[in-house]
Amino acid sequence: MFGFIGSRLLQAIPVLLVVGFIAFALFDYVGDPVSILAGQDATAAQRLALSHDLGLDQPFFVQYGRFLWAALHGNFGNSYRVAQPVANLLAERLPATLELAITASVLAFAIGVPMGVYTGIHRDSFLSRLMMAGSLIGVSLPTFLLGILLILAFSVGLGWLPSFGRGPVVHVGSWWTTGFTSWAGIRSLILPAITLGMFQMTLIMRLVRAEMLEVLRTDYIKFARARGLTDRSINFGHALKNTLVPVITIIGLQFGGIVAFSLVTETVFQWPGMGLLLVQSVAVADIPVMSAYLLLIALVFVMINLIVDLLYYAVDPRLRARR
Amino acid sequence: MALLDVVDLTVEFPTRRGVLRALDRVSFSIDAGEILGVVGESGAGKSLTGAAIVGLLERPGRVAGGQILFEGKRIDTLSAEPLRRIRGRRIGMIFQDPLTTLNPLYTIGRQLTETMQTHMRLSDSEARTKAIGWLDRVGIPAAAQRIDAYPHEFSGGQRQRVVIALALCADPVLVIADEPTTALDVSIQAQIITLLKDLTRDHGTAVMLITHDMGVIAETADRVAVMYAGRIAEIGPVAAVIRHPAHPYSDGLMASIPSLEHRVDRLRQIDGAMPRLDAIPNGCRFNPRCPRVFDRCTTEQPELLDAGATRAACWLHAHD
């Protein structure tokens with residue numbers, strides 16, 4: 001087991017090196033940091049001095065090595081825009097994004113799986129047809145449009161929920177912040193979480209439904225019925241568990257996507273997370289933030305893939321035997 | 001009174017191009033402790049009969065007529081819940097392919113204990129003890145250790161032993177075995193049949209043994225029903241049907257079995273193929289292939305008639 005985790009982590013190193021290379025190359029290809037930092041009126045001598053201070057006159061691989069070494073120590077340089085360490089900026093925004101992403105995913109899972117099981121079992125019922133039709137809307141409606149529609153309905157029209165921001169937050173530990181401690185914070189989370197989780201929920205529902213239809217046709221389900229097991233045990237114990245491997249894969253990949261690409265939702269709701277930070281940084285070519293964000297997201301995907309692999313192990317005994 | 005009495009069982013599949021009648025007034029009975037073999041070509045309705053008895057017809061199939069009496073009570077009209085209580089508890093089932101009939105994600109011990117605890121009041125430790133006993137009885141070596149193994153850790157033959165244990169563990173009085181040896185190696189088939197025969201004899205369990213292997217029927221069954229195109233062609237004691245088949249179809253079936261005693265150059269075969277459900281001929285369903293066909297066969301459908309030791313659905317045995 002530990003050997004497996006170890007080998008997976010080793011495999012992650014090349015991935016992170018390649019992403020690190022792209023993140024590093026950003027500095028050379030997206031704008032010129034010297035002219036951004038020094039400004040229009042700097043003399044040639046000032047530019048040269050700045051270039052030397054930043055280490056930009058060193059050979060390429062020396063620069064790359066330094067970048068990696070610094071990144072390993074959590075040092076991504078200073079943001080051009082706000083002149084603060086990038087690591088601090090991201091750490092400040094990370095809790096907001098993770099809280100939103102986890103809420104959206106839990107919501108999507110908790111609603112999507114039961115709906116998928118229901119539509120898989122009662123595939124011809126009116127309610128199933130209604131859910132399937134509704135899920136088409138969820139799959140095809142763009143996130144920004146859904147967000148705006150929700151704001152229009154629940155913030156502008158009904159006035160029930162706030163239309164932007166994270167509400168009051170409380171510091172937990174040295175760097176984590178949470179909006180879950182107050183009703184206002186939770187209310188602020190509702191609309192963004194629905195917006196972000198809607199696509200995932202409908203995807204999970206349709207996937208679970210398709211897998212259920214597949215599994216319910218198998219011989220072991222027929223044999224379970226022939227043994228007189230209860231419907232509850234057959235549907236949720238025997239059938240649902242056999243649908244989990246593909247469902248876990250999709251949920252894992254989607255969660256990575258939710259963390260990485262929550263920027264549309266965060267922009268619509270002005271949610272103070274990493275996505276919003278990235279959008280603001282791209283607008284002014286704040287390359288240190290962009291490259292650190294890239295690395296962080298790569299790390300998130302690597303971690304999620306590892307967790308997904310471990311979950312396969314927990315679910316399917318046949319995989320345990322092969323190692 | 002028979003343990004199971006199937007009377008004029010008719011099963012239909014409504015399709016876009018009309019209703020297909022897959023079983024047409026099938027009647028037979030099984031006594032307590034008796035082994036009834038059911039033979040016939042693929043598509044004759046053997047498995048469908050088994051599925052209809054336990055109420056597990058696949059949609060859109062439905063029982064369109066007739067009665068199924070089990071222990072003197074009608075079970076074809078029962079709702080889902082009482083029928084579920086009969087399945088496994090009173091009527092067990094064994095399926096063809098042991099590689100696909102066990103849930104791959106649960107240990108065989110869990111599948112056994114869940115089945116027993118669904119039907120009987122047993123504590124976890126009692127159920128586990130009984131499960132080990134059953135694995136031992138079906139010939140799984142080192143049952144106490146193997147109980148926590150997953151299906152993929154067993155060979156095909158062993159898995160079929162586990163399936164038999166699962167079918168018998170709640171002490172049913174009738175087992176419907178649907179081609180229990182077809183998917184197994186020839187060398188293992190005999191072991192599995194012997195096991196099934198021994199266990200059911202010890203427990204006084206009746207068996208409906210569906211197969212297209214006449215050898216298995218000859219060795220195992222007390223009586224045999226020959227099915228053709230959704231109807232019973234002939235039914236009677238095994239020895240009589242094998243030695244003196246009264247229906248030309250059973251005659252053809254028996255003649256197509258290779259024999260060690262009589263050396264023949266070429267086995268006899270029945271010309272043609274079984275009709276499709278949407279193209280059932282008028283009169284006797286076998287008449288286009290029958291070597292002894294005559295006028296009446298093409299116009300009137302024969303019911304089962306007394307034919308010496310057996311009963312056959314053939315006008316050759318009409319005495320009116």
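We name chains A, B, ... by the order of the sequence lines, and we start the count at 1 in each one. Computed from a predicted structure; not experimentally measured. The basis for the numbers below is simple: all heavy atoms, side chains too, and nothing from hydrogens, waters or symmetry mates.
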Colleague: Between B:L102, B:L83, B:D97, B:I94, which shows the greatest number of heavy-atom pairs under 4.5 Å with chain A?
Modeller: B:L102

Colleague: Side chain, backbone, both or neither: which part of B:L105 has a heavy atom under 4.5 Å from chain A?
Modeller: both

Colleague: Which one, B:Q96, B:E81, B:E114, leads in non-hydrogen pairs under 4.5 Å with chain A?
Modeller: B:E114

Colleague: Under 4.5 Å, heavy atom to heavy atom, which residues of residues 223-230 of chain A contact chain B?
Modeller: A:F223, A:R225, A:A226, A:R227, A:G228, A:L229, A:T230

Colleague: Measure distances from B:I86 to the heavy atoms of chain A and classify the residue's part below 4.5 Å as side chain, backbone, both or neither.
Modeller: neither

Colleague: Checking B:Q111 against chain A: side chain, backbone, both or neither under 4.5 Å from a heavy atom?
Modeller: both

Colleague: Atom CZ in B:R59, atom CG in A:D124: separation rounded to 0.5 Å?
Modeller: 5.5 Å

Colleague: Can you confirm whether more than 12 heavy atoms, excluding those of A:F236, are under 6.0 Å from its CZ atom?
Modeller: no

Colleague: Considering non-hydrogen atoms only, spot the tightest contact between A:K241 and B:Y106 and give its length.
Modeller: CD-OH, 3.5 Å

Colleague: Hey, is CZ on B:F154 packed in by over 12 heavy atoms from elsewhere, all under 6.0 Å?
Modeller: yes

Colleague: Taking everything shown except A:E214 itself, do over 12 heavy atoms lie less than 6.0 Å from its CD?
Modeller: no

Colleague: For B:M120, is the CE atom crowded, meaning more than 12 foreign heavy atoms sit under 6.0 Å from it?
Modeller: yes

Colleague: Run through A:I221, A:T218, A:D219 and flag the one making a side-chain contact (heavy atoms from CB on, under 4.5 Å) with B:T101.
Modeller: A:D219

Colleague: If every non-hydrogen atom of A:P317 is compared with every non-hydrogen atom of B:P104, which pair is closest and at what distance?
Modeller: CG-O, 3.3 Å

Colleague: Is there side-chain contact between A:R217 and B:E58, with heavy atoms separated by less than 4.5 Å?
Modeller: no

Colleague: Going from CG on A:D316 to OH on B:Y150, what distance comes out if it is rounded to the nearest 0.5 angstrom?
Modeller: 9.0 Å

Colleague: Can you confirm whether A:L145 is buried at CG, in the sense that more than 12 heavy atoms of other residues, nucleotides or ligands lie under 6.0 Å from that atom?
Modeller: yes

